[in-house]
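Take a look at the structure below.
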Amino acid sequence: MKHIFFLLFLLAIYSAQAQIRPLNLIPQPVEVKLGNGSFNLTKAATVVFNKTESRYIADALVQRLKTATGFMLKSSLGAKGSILLKLNTVPDQQLGNEGYTLVSTPKGITITANQNSGLFYGIQTLIQLLPKEIESKVVVNMKWPIPAVSVKDYPRFAWRGLMLDVSRHFFVKQDVMKFIDEMASLKFNVFHWHLTDDEGWRIQINSLPKLTEIGAWRVQRYGHFGDRDHPKAGEPATDGGFYTQADIREVVNYAAERNITIVPEIDVPGHSMAAIASYPELSCKKDTTTRVSPGSNFVDWYGNNTFRANIENALNPSDENVYAFLDKVFTEVAALFPGQYIHVGGDECYKGYWAEDEGCKALMQKLGIRHVEDLQGYFMNRVEGILKSKGKKLIGWDEILDGGISPEATVMSWRGIKGGIEAAKLGHDVVMTPTTFAYLDYVQGERTIDPPIYASLRLKKCYSYEPIPDGVDPKYILGGQGNLWTEQIPTLRYAQYMLFPRAWALSEVYWSPKENKKWDDFILRVENKFDRSDLAGVNYSKAIYDPIIKTSLQDGKLLLTMETEAPGMEIYYTIDDAMPDNFTSMYTQPVVLPEGPITLRVITYRTGKPLGHLITLKREELDKRAGKK
Ligand code: ACM
């Protein structure tokens, strides 16, 4: 009898477990409680909103669900429905502007929030609670259960951004919107749009037509950025593009409907070759042969943030015409973007041409400035004055601290975290985006497999990021972002490969409570999201399946260590010029490699199937990784 009870007990546990799919939410909410059973979404379900102002959110949900389910759900104003979107009449303080609660029972789903942005985020969670086939672009005939849960959720940081560089590669408006869709589904709320640089000026300025007639176009080049030939005299500039002001307005509205504010960046005084190609008189040398750079090498890097630009790419801070130019630019930019911030760059400005310029020398004398570097402070303060006159706030890369800037300026810490620490101590608001954790252009996998970039950043490192530096008052840290520079990114599809899964990690870094971040759990959710991304046709890197191959020197011999970021992987290798598979040596502990001209070949498997790339490293590379000359 006792045994039968025990068996029934086990059966009861088993069937309760069987109903609960792992929830796989990214970013992880503040609080999730599992209930019993599930709500089955059918074509009879209704979407109801309690305030007219939420109609667009309900309609967007109906459209989103229709693609994969084929259901055209009815939406209406009211107080009762299978999916109820409810704006609080009395705000729930804990939820703030962007928080929500989502309660699903077998009878239906209620999403509650103080504002539409919270309802929007509740819907993003709801989509992730549906089976993965909800990502399908064609109708799938199946049941659509939503597990019974109770979610309470709100963001850790107010600024959760991704930056896209559209200068080095011009992404058409439709691609930018797809980028924004991905951001929104991950609850990012700031799209930092890097619109101008040496390689292209991408925003139409009506009062300065040459910026896009000339500055948006460069000569066609292929191959690795920095290795490309300079433009030849008379060579036509056919590669590029720009956004008209109508395009910009469309993207701004598209983003706003997805709770995303756009921070446009006009990068000055450096990184301005495209502007100078259009209006050479804005520079010191006024060289009329200046062309938009096609990604050729014009900077010598000496390390330690020192460099020389062999072609002038900075605006002349001593010329009043430059400020008149900037006033025109920012008048139009301010009118196009409703957000409070305009990003003015400020990074990596080479001042060698300023040092030789008579006007700059006279200005330095007038201002009592001894170091040419400090002219940047003067320039930035002038720019801040222009922005203020348009009702906008200045944000810039951490170089804006050099030479001094008003405490109202917001600093984006990118050269590690020290700029952010310094800025916060000076009382500036700070957005953290250090290269070491947040540069999504860096290689994320094995360097001999992925197209080469000068630095690496693995998913696990991204995920480990803690945006509030030790000893800094958290009130100054607005949040953070990931940056996607596109020197080596020719398509949206490849941009997705570089973004994901790392942007999934950053979404959790900037949204979820620190205590809820757990790598072992996150990596399982990443794999689930791979399946969803396959159905959605969104690209991502599978570097988590590849071995991380390291060597070190031990008693003059090479010691090989290998691991993977994904769990449960088996690593197989050969050093005898045979192709590795799951019958060759399995790696279980560090291996002393023999002398001689060996080649290491490695492949990973899980449950009998190869998952990773075949990685081949010759002796020379194995020596190099150990630091052996
Ligand atoms: C930067 O990466 N130059 C801000």
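Ligands are counted one by one from 1 in listed order, and the atoms in each one are counted from 1 as well.
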Using heavy atoms and a cut-off under 4.0 Å, could you grab the residues that are in contact with ligand 1, chain by chain, numbers ascending? D347, E348, W397, W414, Y439, W485
Identify whether the distance between the nearest side-chain nitrogen and carboxylate oxygen of R525 and E508 falls below 4.0 Å. yes
Can you confirm whether the side chains of R156 and Y510 place a donor and an acceptor under 3.5 Å from each other? no
Taking atom types as modelled, find out whether E281 and N321 have a side-chain donor-acceptor pair closer than 3.5 angstrom. no
Cationic tip of K461 within the cone over F437's six-membered ring, i.e. under 6.0 Å and within 45° of the normal? yes
Please indicate whether K178 has more than 12 foreign heavy atoms, meaning atoms of other residues, nucleotides or ligands, lying under 6.0 Å from its NZ. no
Given salt bridge (Lys or Arg N to Asp or Glu O under 4.0 Å), test E98 with R160 step by step and report yes or no. CA-CA 12 Å; E98 297 180 299; R160 305 178 305 278; 2.8 Å; yes
